[in-house]
Amino acid sequence: MASSAQSGGTSGGPAVPTVQRGIVKMVLSGCAIIVRGQPRGGPPPERQINLSNIRAGNLARRAAATQPDAKDTPDEPWAFPAREFLRKKLIGKEVCFTIENKTPQGREYGMIYLGKDTNGENIAESLVAEGLATRREGMRANNPEQNRLSECEEQAKAAKKGMWSEGNGSHTIRDLKYTIENPRHFVDSHHQKPVNAIIEHVRDGSVVRALLLPDYYLVTVMLSGIKCPTFRREADGSETPEPFAAEAKFFTESRLLQRDVQIILESCHNQNILGTILHPNGNITELLLKEGFARCVDWSIAVYTRGAEKLRAAERFAKERRLRIWRDYVAPTANLDQKDKQFVAKVMQVLNADAIVVKLNSGDYKTIHLSSIRPPRLEGENMQDKNKKLRPLYDIPYMFEAREFLRKKLIGKKVNVTVDYIRPASPATETVPAFSERTCATVTIGGINIAEALVSKGLATVIRYRQDDDQRSSHYDELLAAEARAIKNGKGLHSKKEVPIHRVADISGDTQKAKQFLPFLQRAGRSEAVVEYVFSGSRLKLYLPKETCLITFLLAGIECPRGARNLPGLVQEGEPFSEEATLFTKELVLQREVEVEVESMDKAGNFIGWLHIDSANLSVLLVEHALSKVHFTAERSSYYKSLLSAEEAAKQKKEKVWAHYEEQPVEEVAPVLEEKERSASYKPVFVTEITDDLHFYVQDVETGTQLEKLMENMRNDIASHPPVEGSYAPRRGEFCIAKFVDGEWYRARVEKVESPAKVHVFYIDYGNREILPSSRLGTLPPAFSTRVLPAQATEYAFAFIQVPQDEDARTDAVDSVVRDIQNTQCLLNVEHLSAGCPHVTLQFADSKGDVGLGLVKEGLVMVEVRKEKQFQKVITEYLNAQESAKSARLNLWRYGDFRADDADEFGYSR
């Protein structure tokens, strides 16, 4: 504390009191103040000075909470005016003082002068002159100072000032109110209008005790939106300051303590009031943040009425300069280059409802999570049945709506990305799965914050953080405000209405359902769809909104490079340019709205057809970009010319799949009549199985002895080393041994595992299927694997015929074939290949009669007309047989030629 020793008088005379200086921090009463020194590296020292020779009234005092019987003590008359007189005159001003007396208890008494020396105003004399204090009783006027006090008192009495005025001074006694019965009503009644107040005490940098005027409510006010370091009370009653707690308290004290201020009452927390304190020199809330003495707090920043963004900006200012409490602060994106913090990217995919995949200008893909929001999730009564496979997009309420909102807003569009923080990878625990590193950012399009839009529609919620967790959205307050609006308006997740249910049938791979659904899709022509997933360049998963189902869709008319596949025991590498084709299809159609034409389906229940996006045919585009070749099945399509034209153009560029294409010399491609002839090379086969769709499995007669020998050796081996019942755990796609109903073991492949009691197997050497318990399965010994002898059952279909789609008619045809050729030797000739299996003609071994032609003659099937020249002779024979059956009204033709008007209705096509 500043002081100067001014000595005076002659040597040997009485000592002159030392004059000391300080700044008035607080006025305790009409005759006591606290002065402080100048701050140097921390809060300055302070001391209490009591005025000598005078007495002022005592201020009111609240009863101690530890003494339940004690009562509050009111003001003495003229005590508060005396305090106010000194407060307005001295607070924050420099004074000088001399100490005249010090009691054994350490209390100091002296004279106080306004200004830097004793020539300034004598504070004791001013109080007495205003009638706000009296000379102490029994004090004799035996020195100049006491004489002046006596004169001042006499003048005040004569002028009837202060306590010498008429009356008992009861009007100067405050009616202090220490509690508020209904704080919420009290705050609301002021309608956020400024209330005049005096700051009576500073508990810490952001909590003060204020006297509200003119009604004298003494309330605790917490500054809205911020929190300063505090003083932690220990068990022994002492207080331990947190780092910078004392400095923050001094910062507020030096600016607000016992100053006249205005307070905007904004909310309440128990008996404490949340508010903003306004001083002519500025807003203390923003100043504390800007100087690094406080941090923003989420729970109260929402009630701050002067703009939460100002508080965040002030806090950001301190963080960037690492001031005080932020001295060790490291920004969440400190390690990122500026180009990685803010960039423009194209949205390629929406992942559920809180993340997107974007394509950067460099061509790289990056997953971006929306900062500080949580997508819809299952909770409480809605928890998923553990026995049922969860499909988050459809089974979690509002997840589909959230995904669709993002998909329609963002897919294929450019967005602005501002990275807020990087969430590090976390290992898995018992309750939480492992997470890889996540880049969390604020994504905007057209100035709209996508996360805020999601939250405002009730399609996501805001994550709550620990107060010291700085990894959050740079627009966190807007997110909280949006959530509050959504809750108030009952939007989405906050609605009291029944949650939307999406019953989406997944018929991918379900052959039976696909068969039932096929005619419907064929009749529909072009159907609207959304591409949900891209497996490869030509294989996609589609969602049909009108039909509310998921299907697997294969592009017709093209031969796309096959991608890598994980097969049992080995990984099959992908063909060249398979990844490029997949990427091309993803970028073009993933999560886009498209139109599809379904033409047919394969044996696995996958639909085959054409996909159009923005009036462009995806099959043609793939061929055009040299990522696919035209397949011969396109010949019957109306898109065949477009495909051929695109293929010719791609060949000329010699890129990708045509990189090694060599144009054949003209003379070498001259037509040769022999090539137009149908090839008839029949080989003996043994028919082992007929399927419900009129396909059949055969064994090659030439390798029949090898199979017999292998089966004999395998059964001998099993007999000597029988499998332990229940020891085999079947897995889909695995080869195994299975015990057939005849009690013998055969080689098989697991197709599906419903449960240990229901395992679907396919007998690879015979073509039949069966559902068995796992107890009747075992591990296939390596000595009898498919590497030793490949699977002997090969699937074929009849050429030149159409299988009836009507179930009864098809059953009649299948029954006829089973009677004629199952478990018999026949002659087989491959006529042409198809996407499913080779199409063949089959002859009886003895009569050489054509089995397919016999079906046509009996009116059990119709003829499939093909345009290839080499087949015209046999097609003519088949058509003549069909006309004969029609004339005789056999089976299909019993009601005449139904094809002209009713073909679609009955499931046939001409």
Side-chain angles (χ1 to χ4, degrees), residues 180 182-193 222-227 264-276 285 296-313 352-354 370-382 396-406 408-409 420 440 442-467 469 472-502:
I180 301 172
N182 189 335
R184 169 60 64 187
H185 180 266
F186 180 79
V187 169
D188 292 344
S189 67
H190 286 84
H191 306 292
Q192 295 185 348
K193 293 180 181 177
M222 306 169 72
L223 294 178
S224 299
I226 70 165
K227 186 176 187 300
I264 298 175
L265 309 181
E266 292 165 329
S267 186
C268 62
H269 180 68
N270 299 328
Q271 275 286 322
N272 302 325
I273 287 175
L274 290 167
T276 298
T285 306
C296 292
V297 289
D298 305 325
W299 69 271
S300 66
I301 200 170
V303 303
Y304 183 73
T305 55
R306 304 180 74 80
E309 67 279 357
K310 292 182 179 179
L311 300 190
R312 296 290 185 191
N352 286 340
D354 67 335
L370 299 179
S371 299
S372 300
I373 69 166
R374 180 177 286 119
R377 57 183 181 179
L378 289 176
E379 293 180 348
E381 297 177 359
N382 295 323
I396 297 178
Y398 293 103
M399 179 70 87
F400 183 75
E401 285 77 6
R403 199 289 300 263
E404 283 296 275
F405 174 80
L406 292 181
K408 292 175 180 178
K409 283 274 185 191
D420 294 321
C440 301
T442 296
V443 177
T444 60
I445 181 170
I448 297 172
N449 182 344
I450 291 300
E452 184 181 349
L454 262 180
V455 171
S456 67
K457 290 181 176 294
L459 300 176
T461 54
V462 182
I463 297 172
R464 267 44 179 194
Y465 296 97
R466 296 192 319 272
Q467 199 51 56
D469 188 349
R472 60 180 69 188
S473 169
S474 52
H475 296 268
Y476 189 69
D477 300 316
E478 289 95 317
L479 295 182
L480 290 174
E483 186 174 55
R485 291 196 302 272
I487 293 172
K488 182 179 178 181
N489 298 326
K491 293 287 187 71
L493 292 162
H494 315 292
S495 172
K496 299 294 188 291
K497 299 177 183 176
E498 287 189 16
V499 298
I501 298 173
H502 298 280

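Note that the coordinates shown come from a computational prediction; the quantities given were computed from them, not determined experimentally. One is the number of the first residue; the rest follow in order along the sequence.
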Inset, instruction - Sequence neighbours left out, what passes ring-ring contact (aromatic ring centres under 6.0 Å, His included) with H190? Give chain and number order. - result: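 Testing H190 for ring-ring contact (aromatic ring centres under 6.0 Å, His included), a comparison that skips the adjacent residues, returns F186.
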
Inset, instruction - State which residues pass ring-ring contact (aromatic ring centres under 6.0 Å, His included) with Y304; sequence neighbours excluded, sorted by chain then number. - result: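 Checked Y304 against ring-ring contact (aromatic ring centres under 6.0 Å, His included); zero matches.
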
Legend entry - Test side-chain hydrogen bond (donor to acceptor under 3.5 Å, both in side chains) applied to D354 - qualifying residues, sequence neighbours left out: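 side-chain hydrogen bond (donor to acceptor under 3.5 Å, both in side chains) check on D354 returns nothing, list empty.
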
Legend entry - Non-neighbouring partners of S300 that pass side-chain hydrogen bond (donor to acceptor under 3.5 Å, both in side chains), sequence neighbours left out: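 So S300 forms no side-chain hydrogen bond (donor to acceptor under 3.5 Å, both in side chains) with any residue.
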
Please round to the nearest 0.5 Å and tell me the distance separating atom [atom1] of [X] and atom [atom2] of [Y].
X	Y	atom1	atom2	value
N449	T442	CG	OG1	5.5 Å
S267	N272	OG	CG	11.0 Å
E401	L454	CD	CG	11.5 Å
C440	D420	SG	CG	8.0 Å
I264	T285	CD1	OG1	9.5 Å
M222	H269	CE	NE2	5.5 Å

Apply side chain to side chain contact (heavy atoms under 4.5 Å, CB included) to [X] and list each qualifying residue two or more places apart in sequence or on a separate chain.
X	result
A481	R485
V187	L265, C268, I273
L493	P376, Y398, T461
I448	A453

Do you know which two heavy atoms are closest between [X] and [Y], and how far apart they sit?
X	Y	result
R472	R466	NH2-O, 3.4 Å
P375	A353	CB-CB, 3.9 Å
L459	A402	O-CB, 3.7 Å
K409	I445	O-CD1, 3.9 Å
I463	Y476	O-OH, 2.6 Å
I301	A308	CG1-CB, 3.9 Å

For [X], check salt bridge (charged side-chain N to carboxylate O under 4.0 Å, His left out) against everything at least two apart and list the hits.
X	value
R374	none
E483	R464
E478	none

Inset, instruction - Begin from the C-alpha positions of S224 and E266 and carry the test side-chain hydrogen bond (donor to acceptor under 3.5 Å, both in side chains) through to its verdict. - result: CA-CA 8 Å; S224 299; E266 292 165 329; 2.5 Å; yes

Legend entry - Heavy-atom side-chain proximity of L378 to P397 below 4.5 angstrom: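 Yes, at least one pair of side-chain atoms sits under 4.5 Å.
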
Legend entry - Test log, rule side chain to side chain contact (heavy atoms under 4.5 Å, CB included), inputs K227 and C296: CA-CA 6 Å; K227 186 176 187 300; C296 292; over 6 Å; no

Inset, instruction - Any pair with a residue in residues 486-498 that passes side chain to side chain donor-acceptor pair (under 3.5 Å), sequence neighbours left out, goes on the list, sorted by first then second residue, please. - result: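 Qualifying pairs, neighbours excluded: none.
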
